[in-house]
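The structure appears below as structure tokens.
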Amino acid sequence: MTAWFASWGLTYEAAWLVATIVGILAIALPLMLAVAMIIYADRKIWAAIALRRGPNVVGPFGLLQSFADGLKVFLQETIIPSGANRGLFLIAPIITFTVALMAWAVIPFQAGVVLANINVGLLYILAISSLGVYGVVISGWASNSKYPFFSALRAAAQMISYEVSIGFILISVVLYAGSFNLSVITLAQKGNILGIFSANGLNPLLFPISVMFLISSMAETARAPFDLTEAESELVAGYQTEYSSMSFALFWLGEYANVILMCALNAILFWGGWLPPVDWAPLYAVPGIIWLFAKILLFFFIFSWVKATVPRYRYDQLMRLGWKVFLPISLFWVCLVSGWLMLTRYS
Amino acid sequence: MTDLSQYLPILIFLGIAVGLSALFVFLPMGVSRLTGTHNPDAAKLSEYECGFPAFEDSRSQFDVRFYLVAILFIIFDLEAAFLFPWAVSLQDIGWAGWTTMMVFLAELALGLVYAWKKGALDWE
Amino acid sequence: MNHDMSASLLLVAPELTLTLAGLALLIWAAFFGDRHATGISIAAVAALVGAGALTSLAPAAGGNAFDGLARVDAFSTFAHVLIYFAAAVAIIIAPRFFRAHTPGGHGLMRAEYPILIVFAAVGMGMMVSATDLMTLYVGLEMNSLAAYVLASFIRTDTRSAEAGLKYFVLGALASGILLYGMSLLYGFSGTTNFAGIAAAMGADFSGGLVFGLVFVLAGLAFKISAVPFHMWTPDVYEGAPTPVTAFFASAPKVAAMALTVRVCIEAFGPTTLDWQQIIIFLALASTILGAVGAIGQRNIKRLLAYSSINNVGFALIGLAAGSEAGVAATMSYMAVYVVMTLGSFLCILQLRDAGGAYVEDIARMAGLGKARPWLVGAIALFMFSLAGIPPLFGFWPKFLVFDAAVRAGLLPLAIIGALSSVISAFYYLKVIKTMAFDEAPADAPQWTAEGNAVETGLIGFTATAISPLGYLAIAPLAYLSGNAALALFR
């Protein structure tokens with residue numbers, strides 16, 4: 001892309017800058033569009049499972065529902081409670097949304113199509129997603145209200161609990177690929193199952209942790225059945241209780257952007273990313289980005305399906321699952337995978 | 001080799017993302033003043049409660065178990081931080097490196113067993 | 001496993017034993033809880049004794065383990081044995097104390113106590129054989145983290161909790177200072193190895209290395225509680241449970257002192273004239289402030305805290321000489337100091353009133369001489385020895401350090417040290433006077449004579465060691481400490 005801009009007579013540096021900014025906007029703006037549509041999809045899937053019709057008034061099939069909602073919140077009044085810390089109160093949604101956007105910088109959409117092809121991409125994702133907890137904690141604290149405060153505490157404990165097992169699961173994947181770079185991890189899966197399928201998840205050694213990662217990613221993004229941070233029967237709307245207008249919407253957008261990110265990570269780490277599921281030449285005619293989006297949508301459907309059908313966990317059950325089930329198993333799996341690799345690949 | 005120039009787009013991305021988020025937060029505040037929806041009153045600005053003023057400061061004492069979770073998190077997250085470089089260099093460090101890390105993991109696993117038996121992982 | 005690895009593992013066999021024992025005991029404690037505290041304590045002492053026996057495996061010529069991360073030689077062995085002895089004593093004296101102090105009075109010691117001591121001993125063992133900044137720091141932190149918990153071991157006691165918190169906050173600060181100095185040393189010398197740092201210092205001692213040296217010495221001075229980094233000592237010693245205080249005053253002091261000596265000689269060797277100034281200042285400030293500060297103390301544990309500051313100052317005088325004889329004198333001093341201080345704390349642990357509560361207030365001890373003459377006799381022995389009054393063995397190492405200082409041309413330092421020793425004799429004598437000659441006040445406690453064979457035996461042993469009979473030990477002590485010092489100046 002830099003070369004194309006350079007052909008307009010710009011110097012290399014200027015062309016690079018323009019190309020980078022265009023690239024960033026090409027990620028950020030479609031992402032926001034995707035979030036709007038995915039919210040619509042979420043509601044539709046949820047409605048369908050509950051035998052309802054879901055949004056169907058605004059636009060054909062209700063397709064414009066999210067945009068109407070967006071316009072509505074945009075024109076609303078931003079209420080800052082008198083007891084709140086004004087600065088922190090306004091910074092919290094900024095952090096949440098910024099972090100949700102930032103993580104996408106290292107996601108490879110196709111061979112060579114990635115904004116920042118850094119060699120520690122997975123580490124970057126871990127680092128950025130753990131920053132997400134700050135938005136929640138700050139909003140809970142700054143609101144100076146009971147329900148957001150409890151919600152923020154719960155959210156912090158929940159997110160860090162599952163981050164631990166996610167870390168260990170990722171190590172197993174990294175061990176297999178031998179790299180943190182998400183493109184390398186994707187390419188390492190090319191035809192890795194009997195030369196036919198391209199998916200870590202079909203490897204018997206990695207399948208169990210792929211399931212654990214799917215569940216952990218639901219917990220990490222506080223999606224149902226792990227949405228204890230906004231359990232409406234106990235905590236009203238959780239840490240968003242005091243928010244209104246676009247500040248409220250930013251949490252909403254950030255949350256869904258994180259959900260899509262987790263779906264993308266599931267697809268990239270365990271199910272071949274942009275590679276076609278079967279390593280067969282004609283399938284490569286379809287652009288890789290289509291395969292990636294198809295996988296993301298599949299995972300999002302699973303997320304919605306679970307949300308619509310599984311009842312909410314209790315907090316003690318949630319913590320038990322994280323600390324007493326996932327942590328020991330993922331720890332054991334690191335030993336198992338590394339030992340297997342030492343025996344078969346490195347010795 | 002490390003290509004540090006790859007990190008520059010991330011920095012630019014950070015700037016754009018912060019700008020975009022800040023725009024989303026502050027623009028509606030300006031717009032609502034223009035459209036006249038900005039109309040605060042005392043009741044509207046009070047914190048959310050079920051129809052009565054809050055009894056106590058919301059930033060009250062909370063359960064010590066949250067601290068415990070945070071401490072355990074630090075231990076195991078650091079452990080993961082040690083595992084990351086090990087995971088990508090397993091090929092080079094061989095059995096000696098593998099054994100060393102297994103000893104480290106075993107010690108931490110014993111720590112986990114201890115915490116478990118002592119009830120640090122219970123939420124009852 | 002190649003030959004190098006197995007040789008290294010053999011060299012660190014004592015640490016290895018203690019680590020494995022500590023982990024096994026931890027699991028034992030996790031599954032059976034405080035009911036098995038006695039068994040765990042016995043096993044921990046056995047592990048310490050076993051580790052002490054394993055130090056004899058160290059080759060006479062010394063050996064480098066793990067590519068120069070640690071060095072096992074006569075110096076480290078000398079310190080190891082002292083540390084393990086003090087740690088074992090700290091475990092032995094604990095059960096009776098904690099039985100009187102358990103919340104709810106169910107009469108149990110917590111099973112974690114011996115385990116923490118064992119882990120602290122592992123850390124201290126690493127400290128004294130460290131020849132690399134990494135090993136130094138890991139060992140130091142391992143010891144410190146266990147110590148923070150130990151200081152606040154009686155959770156329900158505010159003084160104990162306060163002691164733990166103070167120790168933790170100040171200890172973290174000191175660790176930060178130390179780490180900062182270490183990063184400067186590493187940055188300007190390009191290596192974390194002591195020998196490498198010494199080479200870099202010998203080539204060009206300037207800029208960052210100077211600051212690195214100062215910060216590292218400041219961090220270490222905190223650990224040995226030398227003035228001006230002693231602020232935590234009285235509060236922590238007073239608040240911590242008495243067996244823990246006994247432990248703090250003995251084993252970690254030896255470890256930190258040995259570490260300081262090794263860092264000064266091996267890493268900073270080429271710059272002796274530079275660090276000497278710092279050590280001289282630390283020694284002077286510690287002896288004087290330790291002596292003067294103790295005079296006004298009313299609590300016996302606080303008094304002994306100042307006494308330990310004072311004694312560390314004397315031990316530093318040996319190091320300040322910067323010579324082989326000086327280092328030998330310092331190590332001899334620490335050996336005798338450990339025996340004296342453990343003996344003092346053992347005696348303090350006998351001071352219980354009829355209700356079983358421990359008496360720490362010196363004024364309330366008036367008239368003790370009539371109720372427990374033998375105990376007061378032992379206390380008098382330890383106090384005179386700490387003061388360095390000639391017929392007792394405490395005099396000998398003081399003589400050694402002054403001798404080394406004078407030989408190194410530091411006559412003023414020796415004179416001021418001797419003068420402060422006279423000041424310190426005043427408060428030791430004051431304690432003895434109160435106990436032995438003052439009339440018992442109206443609210444004097446009813447002293448129980450309830451004894452314990454093991455503790456009485458230990459008091460007897462330590463008292464004998466520091467009595468004039470101790471002079472029989474001069475030859476072996478001189479031989480061992482001489483060997484230890486020689487190992488550093490090889």
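In this text the structure is predicted, and so the values were computed from the model without any measurement. Lettering follows sequence order; numbering is per chain, from 1.
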Below 4.5 Å from any heavy atom of chain B, which atoms of A:L318 appear? Answer side chain, backbone, both or neither.
neither
Under 4.5 Å from any heavy atom of chain B - which part of A:I91:
neither
Heavy-atom proximity to chain A below 4.5 Å, by part of B:W86:
side chain
Top contributor to chain A interface from B:A115, B:G94, B:A17 [non-hydrogen pairs under 4.5 Å]
B:A17
Rounded to the nearest 0.5 Å, what's the gap from OG on B:S21 to CG on A:L253? Could you check?
9.5 Å
Highest number of heavy-atom pairs under 4.5 Å with chain B among A:G322, A:G339, A:S143 belongs to A:G339
Let me know if B:I16 has heavy atoms under 4.5 Å from chain A in its side chain, its backbone, both or neither.
side chain
Would you name the heavy atoms of A:E163 and B:F73 that are closest together and state the gap between them?
OE2-CZ, 3.7 Å
Measuring from atom OG1 of A:T98 to atom CZ of B:F24, what distance do you get when rounded to the nearest 0.5 angstrom?
11.0 Å
A:W340 atom CH2, neighbour heavy-atom count above 12 within 6.0 Å
no
Chain A contact via B:L72 - which portion, at a heavy-atom distance below 4.5 Å:
both
Enter the distance from B:W98:CH2 to A:M342:CE here, rounded to the nearest 0.5 Å.
7.5 Å
Heavy atoms only, distances under 4.5 angstrom: which of A:G140, A:S165, A:A177, A:P81 has the most pairs with chain B? Name it, please.
A:P81
Max heavy-atom pair count under 4.5 Å with chain A, selected residue of B:Q91, B:E79, B:M101:
B:Q91
Heaviest contributor of heavy-atom pairs below 4.5 Å to chain B, chosen from A:L153, A:V99, A:L175, is A:L153
Pick one of side chain, backbone, both or neither for A:L122, based on which atoms fall under 4.5 Å of a heavy atom in chain B.
neither
Given side chains that start at C-beta, do those of A:C335 and B:L105 come closer than 4.5 Å, heavy atoms only?
yes
At a heavy-atom separation under 4.5 Å, does A:M319 approach chain B through its side chain, its backbone, both, or neither?
side chain
Are more than 12 heavy atoms, taken from residues, nucleotides or ligands other than B:F104, located less than 6.0 Å from that residue's CZ atom?
yes
Which atom names give the shortest non-hydrogen contact between A:S161 and B:V69, and what distance separates them?
OG-CG1, 3.7 Å
If every non-hydrogen atom of B:V25 is compared with every non-hydrogen atom of A:P93, which pair is closest and at what distance?
CG2-CG, 4.2 Å
Does atom CZ of A:R86 have more than 12 heavy-atom neighbours from other groups under 6.0 Å away?
no
I'd like to know which of B:A80, B:P28, B:G19 tops the heavy-atom pair count under 4.5 Å against chain A.
B:P28
Nearest heavy-atom pair of A:T20 and B:P9: which atoms, and what distance?
CG2-CB, 3.7 Å
Top residue by heavy-atom pair count (under 4.5 Å) with chain B, among A:V106, A:I21, A:L327?
A:L327
Is it the backbone or the side chain of A:F74 that comes under 4.5 Å from a heavy atom of chain B, or both, or neither?
both
Measure A:S179 against the heavy atoms of chain B and call it side chain, backbone, both or neither at under 4.5 Å.
backbone
Highest number of heavy-atom pairs under 4.5 Å with chain A among B:F76, B:F84, B:F26 belongs to B:F84
What option among A:Y315, A:F168, A:W141 has the most heavy-atom pairs under 4.5 Å with chain B?
A:W141
Sort out for me which of A:T78, A:L170, A:V120, A:V337 touches chain B most, counting heavy-atom pairs under 4.5 Å.
A:T78
Determine whether more than 12 heavy atoms belonging to other residues, nucleotides or ligands lie under 6.0 Å from atom OH of B:Y67.
no
Gap separating the CZ atom of B:F13 from the CE atom of A:M102, nearest 0.5 angstrom:
7.0 Å
So for atom OH, which belongs to A:Y124, do other residues, nucleotides or ligands contribute more than 12 heavy atoms lying within a distance under 6.0 Å?
yes
So which atom in A:I171 and which in B:A87 form the shortest heavy-atom distance, rounded to 0.1 Å?
CG2-CB, 4.0 Å
Electrostatic pair A:K324-B:D122, nearest N-O below 4.0 angstrom
yes
Could you look at A:Y176 and say if it's the side chain, the backbone, both or neither that has a heavy atom under 4.5 Å from chain B?
neither
Cut-off 4.5 Å, heavy atoms of chain A, and the answer for B:L121 is both
d(A:I128 CD1, B:L14 CG) to nearest 0.5 Å is 8.0 Å
Provide the closest heavy-atom pair for B:M102 versus A:S338 in the form atom of the first, atom of the second, distance.
CE-OG, 3.4 Å
Nearest 0.5 Å, please: how far is CE in B:M29 from CD1 in A:I80?
4.0 Å
